[in-house]
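The analysis underlying the following values was restricted to heavy atoms, covering all of them including side chains, and did not include hydrogens, waters or symmetry mates. In listed order, ligands and their atoms are each counted from 1. Here the structure is a predicted model, which is why all the values come from computation and not from measurement.
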Amino acid sequence: MPIDDAWWKSAVVYQVYPRSFADSDGDGVGDLGGILARLDHLVGLGVDVIWLSPVYPSPQDDNGYDISDYQDIDPLFGSLADFDRLVAAVHERGMRLVMDLVVNHTSDEHPWFRESRTGTDSAKRDWYWWRPGRVDADGASVPPNNWGSFFSGSAWALDPVSGEYYLHLFSPKQADLDWENGEVRQAVYAMMRWWLDRGVDGFRMDVINLVSKDPALPDGLPYGGGPYGDGSPYYLCGPRIHEYLAEMHREVFAGRPERVLTVGEMPGVTVADARLFTDPARAEVDMVFQFEHVGLDQGRTKFDVRPMRLTDLKASLGRWQTGLADVGWNSLYWNNHDQPRVVSRFGDDGPEHRVRSAKLLATVLHLHRGTPYVYQGEELGMTNAPFASVRDIDDIEARNHYAHAVAAGEDPAEVLAGLRAMGRDNARTPMQWDASPGAGFTTGTPWLPVNPNHTTINAAAAVADPDSVYHHYRRLIALRHNEPALVHGDFTMLLPDDERVYAFTRHYRGTTLLVLANFTSEPVDVDVPKDLLDGAEPILGNGPYGEPGRLGPWEARVYRRVE
Ligand code: TEU
């Protein structure tokens with residue numbers, strides 16, 4: 001199929017975070033059997049692809065993003081037989097299944113690392129980044145460089161056996177693989193082929209733009225007033241990243257039916273980088289997850305929360321639309337398992353405007369050019385959760401940040417407020433299926449408490465209510481499947497300087513779609529070029545249409561005009 005008709009350009013992907021989706025055995029943790037039992041919820045929504053967050057064997061230090069066996073299923077979630085049953089059921093329903101591929105690092109309990117840490121003469125010593133420490137002015141051993149970890153603290157851990165340090169950009173239980181070593185790359189490719197041969201339809205590649213590091217591992221510039229340096233210039237989109245991804249494509253994907261979808265999660269990636277990564281002629285990845293728009297409300301750290309300006313959001317998303325208009329492809333997302341719930345973040349999760357603002361955010365995102373991703377519960381307008389204290393917080397990133405920030409003298413209440421607003425646990429509270437005590441997620445004690453608002457915000461209520469967020473997502477997904485202008489149309493931002501209204505057009509072969517969205521709780525007049533409205537019909541809204549030229553609070557409206 002010619003790449004410009006690639007199936008994933010008109011597809012919508014739904015992310016399942018297995019441990020919080022549906023629990024079929026009552027242990028309080030979601031599992032593969034639970035997903036199987038709930039597949040028809042996804043069929044009803046109309047999604048095309050399921051992205052499964054990791055279900056591999058793992059100590060669960062980072063909720064499965066620390067893998068100790070790449071070719072099995074953790075008993076917490078089920079078995080390979082359960083996985084095969086799920087893949088078959090997904091395919092029977094005309095959907096595809098994409099696995100999360102976490103190969104920048106393995107768990108420190110992976111057999112590769114266990115062998116590597118046996119000593120400097122281990123056959124797998126150079127599968128990871130081992131370096132001798134440096135000696136500071138007091139003669140003490142210190143890490144090989146000053147890099148900080150994404151999860152606070154140093155990015156190096158001292159191994160007492162050899163007295164050397166190993167690199168971990170994330171937790172000390174997530175040891176970075178050394179991709180300079182061709183044996184590492186070939187082992188990863190063989191594992192990927194094994195999953196494709198098992199029927200998997202592609203991969204979401206976790207922090208894949210970090211796998212190439214500057215082998216000199218130089219110190220980074222100090223940042224945030226802390227003791228660590230910013231190593232990102234030496235590992236973000238490193239010197240061999242394009243070589244590696246092109247090699248992966250040749251070794252794993254080339255010659256496979258076009259069914260395969262590859263999406264690279266790339267913190268810090270720029271538009272210019274993404275043009276290279278997603279140019280079909282370069283055969284690297286199909287699309288990337290970029291992080292610009294989900295950093296607009298963050299200051300010195302992600303937990304230093306600032307108000308997001310609509311003009312900044314429009315400038316950022318507009319830049320990505322323009323930058324990938326002629327080559328490459330965008331992914332489109334607000335939510336995932338690492339981001340707070342968008343209706344609480346960029347919308348209004350109060351009782352008056354939650355539904356309307358959730359629908360508005362969905363409309364704006366899904367009418368952009370690219371492949372939309374729906375994160376579990378987003379289609380219900382699920383909100384952030386009311387974490388009362390740091391004891392309620394599970395996530396390693398948030399807990400480590402709290403410990404380091406408070407130790408550095410920050411006000412615990414202020415640090416907690418940042419966790420409440422931006423913490424990843426907001427995305428990880430159990431899926432709200434119904435109003436029962438366990439929200440229909442489990443008959444046991446959930447690993448993370450269910451959001452108390454599940455009594456009103458749940459799938460059962462949403463499916464029964466034609467005006468729900470769920471049915472609005474269903475209509476948006478149907479529109480993508482039936483409106484070529486939505487898939488192939490160009491993108492023009494309107495009113496770039498307006499702090500209240502997000503407006504843009506999509507145009508393709510005589511059809512123009514006009515999107516208007518009021519990001520405030522007050523009615524607003526919209527000054528849209530008259531010719532755009534002449535002959536245009538409203539085709540989708542998030543409530544009763546206001547009069548032309550005026551939008552109600554949190555009103556979104558889509559017009560279509562056919563020349
Ligand atoms: O996330 C990488 C990443 O950049 C995020 O962790 C980011 O640092 C923050 O959490 C969001 O602002 C990927 C996975 O999605 C995440 O769950 C893992 O913790 C991480 O990699 C390590 O595998």
Return a table of donor-acceptor pairs under 3.5 angstrom between the side chains of residues 11-21 and protein atoms on other chains or two or more places apart.
unit_1: Tyr14; atom_1: OH; unit_2: Glu379; atom_2: OE1; d: 3.4
unit_1: Tyr14; atom_1: OH; unit_2: Glu379; atom_2: OE2; d: 2.7
unit_1: Gln15; atom_1: NE2; unit_2: Ser53; atom_2: OG; d: 3.0
unit_1: Gln15; atom_1: NE2; unit_2: His337; atom_2: ND1; d: 2.8
unit_1: Tyr17; atom_1: OH; unit_2: Asn63; atom_2: ND2; d: 3.0
unit_1: Tyr17; atom_1: OH; unit_2: Arg428; atom_2: NE; d: 3.4
unit_1: Arg19; atom_1: NH2; unit_2: Gln60; atom_2: OE1; d: 3.0
unit_1: Ser20; atom_1: OG; unit_2: Arg428; atom_2: O; d: 2.7
unit_1: Ser20; atom_1: OG; unit_2: Trp447; atom_2: NE1; d: 3.3

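Once rounded to the nearest 0.5 Å, the distance linking CG of Asp304 with CD of Glu410 reads 8.5 Å.
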Which is it for Ser154 and Trp147 under the side chain to side chain donor-acceptor pair (under 3.5 Å) test, yes or no, and what are the steps along the way?
CA-CA 6 Å; Ser154 168; Trp147 296 1; over 6 Å; no

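Summary of contacts: the protein heavy atom closest to atom 2 (C) of ligand 1 is Val207 CG1, 3.3 Å. The closest protein non-hydrogen atom to atom 9 (C) of ligand 1 is Glu397 OE2, 3.3 Å. Protein heavy atom nearest atom 20 (C) of ligand 1, with residue, atom name and distance: Phe170 CE2, 3.8 Å. Among protein heavy atoms, the minimum distance from atom 6 (O) of ligand 1 is reached at Arg424 NH1, 3.3 Å. The nearest protein atom to atom 14 (C) of ligand 1, hydrogens excluded, is given as Asp206 OD1, 3.0 Å; this is a heavy-atom distance. The closest protein non-hydrogen atom to atom 15 (O) of ligand 1 is Asp338 OD2, 2.4 Å. Atom 19 (O) of ligand 1 has Asp62 OD2, 2.6 Å as its closest protein atom, hydrogens excluded (heavy atom only).
Short contacts between ligand 1 and Glu265, defined as distances under 4.0 Å to a heavy atom of the residue, involve ligand atoms 1 (O), 2 (C), 3 (C), 13 (C), 15 (O). Within the listing of ligand 1, atoms 22 (C), 23 (O) sit less than 4.0 angstrom from a heavy atom of His105. Interface atoms of ligand 1 facing Pro267, defined by a heavy-atom separation under 4.0 Å, are 4 (O). Against a heavy-atom cut-off of under 4.0 Å, His337 is close to the following atoms of ligand 1: 14 (C), 15 (O), 16 (C), 17 (O). Every atom of ligand 1 with a heavy atom of Lys302 under 4.0 Å away is listed here by number and element: 9 (C), 10 (O), 11 (C), 12 (O). Close contacts between ligand 1 and Phe151 involve ligand atoms 19 (O) [criterion: under 4.0 Å to a heavy atom]. Those atoms of ligand 1 with a heavy atom of Phe150 less than 4.0 angstrom away are 8 (O).
Residues Phe203 and Trp195 meet the side-chain proximity criterion, which asks for heavy atoms closer than 4.5 Å. Trp334 is not listed as a side-chain neighbour of Arg341, based on a closest heavy-atom distance of 4.5 Å or more.
Although no hydrogens or angles enter the test, the distance criterion places a donor-acceptor pair under 3.5 Å between the side chain of Asn336 and the main chain of Gln339. Although no hydrogens or angles enter the test, the distance criterion places a donor-acceptor pair under 3.5 Å between the side chain of Arg345 and the main chain of Val294.
Sorted by first and then second residue, the ring-ring contact (aromatic ring centres under 6.0 Å, His included) pairs involving residues 166-187 (not counting sequence neighbours) are His105-Phe170, Phe113-Tyr166, Trp130-Tyr166, Phe150-Phe170, Phe151-Phe170, Trp179-Tyr244.
Only the side chain of Arg204 comes within contact range of ligand 1, with a heavy atom under 4.0 Å; no backbone atom does. Contact annotation: for Phe289 versus ligand 1, there are no heavy atoms closer than 4.0 Å.
In this structure, His41 has its ring center under 6.0 Å from that of Trp433.
Trp7 carries Arg96 over the face of its six-membered ring, with the cationic atom under 6.0 Å from the centre and within 45° of the normal.
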